[in-house]
Amino acid sequence: MKMLVVDDSRMARRILIGMLPEPLRDSAEIHQGVNGEEAVALWHEQRPDLIFLDLTMPVMDGFDALVAIRGQDPDTPILIVSADIQAGAVAKVMASGANGFIDKSKLAAELHDNLKRLGFL
């Protein structure tokens, strides 16, 4: 299984990866990117089975990366992981095809719930 974790914060990527359930984390090939442009490029190169995408990033934000990936791939699960929990932001990403939204401040609980709902656990 391949995963893509995209966030401009190295620490945020490390925390998310560290919070993945051990069997999933240990068996996955995990690729990392620092902005939306890299997310799109890595999606093209790696064709991951699951994408974790932050919203607020330099170069290309997560909203634009989500739209770009969804325009070519309607099926790969994409979970938005962001501290931007405004109702408008959540509604926008869900309308753009995200499979879930994880509030960074509730990462542990929401990560597990979303992975279970999508069939990865």
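In this text the structure is predicted, and so the values were computed from the model without any measurement.
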**OP:** Check whether any side-chain heavy atom of Met3 sits under 4.5 Å from a side-chain heavy atom of Leu20, and report yes or no.
**Re:** yes
**OP:** Enter the distance from Leu42:CG to His44:NE2 here, rounded to the nearest 0.5 Å.
**Re:** 10.5 Å
**OP:** Compare all side-chain heavy atoms of Val6 with those of Asn35 and state whether any distance is below 4.5 angstrom.
**Re:** no
**OP:** Check the pair Arg117, Leu79 against side-chain contact (heavy atoms from CB on, under 4.5 Å), reporting the backbone distance first and the verdict last.
**Re:** CA-CA 11 Å; Arg117 181 178 51 79; Leu79 293 173; 4.2 Å; yes
Subject >> Gap separating the CD1 atom of Ile102 from the CE atom of Met19, nearest 0.5 angstrom >> reply: 10.5 Å
Indicate every side-chain donor-acceptor pair of residues 51-64 with a distance under 3.5 Å to a residue at least two apart or in another chain.
unit_1: Asp61; atom_1: OD1; unit_2: Phe63; atom_2: N; d: 3.1
unit_1: Asp61; atom_1: OD1; unit_2: Asp64; atom_2: N; d: 2.8

**OP:** For Phe101 and Val93, run side-chain contact (heavy atoms from CB on, under 4.5 Å): C-alpha distance rounded to whole Å, both residues' side-chain angles, the deciding distance at 0.1 Å, then the answer.
**Re:** CA-CA 8 Å; Phe101 189 98; Val93 296; 3.7 Å; yes
Original post:
Within a radius of less than 6.0 Å around CD of Glu110, do more than 12 heavy atoms belonging to other residues, nucleotides or ligands occur?
Top reply: yes
Original post:
Hey, any chance Met11 and Leu107 share a hydrophobic cluster, counting ILVMFWY side chains that come within less than 4.5 Å of each other, even indirectly?
Top reply: yes
Original post:
CG/Asp75 to CG/Asp49 distance, rounded to the nearest 0.5 angstrom?
Top reply: 12.0 Å
Original post:
Hey, are the side chains of Pro77 and Phe120 touching, using non-hydrogen atoms and a 4.5 Å cut-off?
Top reply: yes
**OP:** Please name the pair of heavy atoms, one in Leu111 and one in Leu16, separated by the smallest distance, quoted to 0.1 Å.
**Re:** CD2-O, 4.2 Å
Original post:
When rounded to the nearest 0.5 angstrom, what distance separates OG1 in Thr76 from CD1 in Ile78?
Top reply: 7.0 Å
**OP:** Locate the shortest heavy-atom distance separating Asn114 from Gly100; write the atom from each residue and the value.
**Re:** OD1-CA, 3.8 Å
**OP:** Inspect the contact between Asp7 and Arg14 and indicate whether a charged nitrogen and a carboxylate oxygen are less than 4.0 angstrom apart.
**Re:** no
Subject >> Crowding at NZ, Lys104 (>12 non-hydrogen neighbours, <6.0 Å) >> reply: yes
Original post:
Between the side chain of Arg25 and the main-chain N/O of Ala28, is any donor-acceptor distance below 3.5 Å?
Top reply: no
Original post:
Any luck finding a side-chain donor-acceptor pair between His31 and Glu29 under 3.5 Å?
Top reply: yes
Subject >> Nearest-0.5 Å distance that lies between atom CZ in Arg13 and atom CG in Asp8 >> reply: 8.0 Å
Subject >> 4.5 Å side-chain heavy-atom contact, Ile80 and Asn99 >> reply: no
**OP:** Compare all side-chain heavy atoms of Arg10 with those of Ile15 and state whether any distance is below 4.5 angstrom.
**Re:** no
**OP:** First locate atom CD1 of Ile30, then atom CD of Gln46, and finally report the distance between them rounded to the nearest 0.5 Å.
**Re:** 12.5 Å
**OP:** Group every Ile, Leu, Val, Met, Phe, Trp and Tyr by side-chain heavy-atom contacts under 4.5 Å, then state whether Leu24 and Val81 land in the same group.
**Re:** yes
Subject >> Pairwise side-chain contact, Leu50 with Leu4, heavy-atom cut-off 4.5 Å (strictly under) >> reply: no
